[in-house]
Amino acid sequence: MKNDHPKLTLAMFSDDELIEELARRSNSRDARDIEANDVGRWCHDCGNFNTWKRPGEPPESFNPCSKRHEMSLYLPKDHESPEVGGFFRRVCADRKEKI
């Protein structure tokens, strides 16, 4: 059986393409499979994170990330403090430290 597909090697991709792929894979990990200490850095600690400040509940379309990134939600497990939890992205190129 002949393989008509060229063999792919890492050298065929730019550094940026490889980094983007690693970030995509890391961010796609299911939040239920990780522990709070695996999260890394929380979105609510980022300068691009905005809380809902208007009266009432936010609409379904509200995204607290001003960069419109999709975030994962970590909910504390039974043995963890309720303060442990929130939105996170394992890797974010747009992260901005709060001043």
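Here the structure is a predicted model, which means the values were calculated and not measured.
Rounding to the nearest 0.5 angstrom, the gap separating the CG atom in L8 from the CZ atom in F13 is 5.0 Å. Atom CG of D16 is separated from atom CD of E21 by 13.5 Å, given to the nearest 0.5 angstrom.
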For this session: Starting from the C-alpha separation in whole Å, work towards a yes-or-no answer on side-chain contact (heavy atoms from CB on, under 4.5 Å) for E70 and N63.
Result: CA-CA 8 Å; E70 181 179 338; N63 185 339; over 6 Å; no

Exercise. Is there a side-chain contact (heavy atoms from CB on, under 4.5 Å) between C92 and H69 once you walk through the steps?
Worked result: CA-CA 9 Å; C92 184; H69 291 304; 3.8 Å; yes

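Side-chain contact between Y74 and V84 is present, with heavy atoms from C-beta onward closer than 4.5 Å. Residues H44 and T51 fail the side-chain proximity criterion, which asks for heavy atoms closer than 4.5 Å.
By the rule that hydrophobic residues join a cluster once side-chain heavy atoms approach within less than 4.5 Å of another member, L18 and M12 end up as members of one cluster. Linking ILVMFWY residues whenever their side-chain heavy atoms come closer than 4.5 Å, directly or via other members, places F49 and L75 in the same cluster.
When all heavy atoms are compared, the tightest approach of S81 to P76 is O-CB, 3.6 Å. Of all heavy-atom pairs between R68 and S61, the closest is NH2-O, 3.6 Å. The shortest heavy-atom contact between C46 and R95 is CB-NH1, 3.6 Å.
Aromatic rings from F62 and W52 are positioned such that their centres are separated by under 6.0 Å.
Counting only distance, with no hydrogens or angles, the side chain of S72 and the backbone of R89 share no donor-acceptor pair below 3.5 Å. Listed for the N48 side chain is a donor-acceptor partner under 3.5 Å among the backbone atoms of D94. Side chain of N50 to backbone of C65: no donor-acceptor contact under 3.5 angstrom is found.
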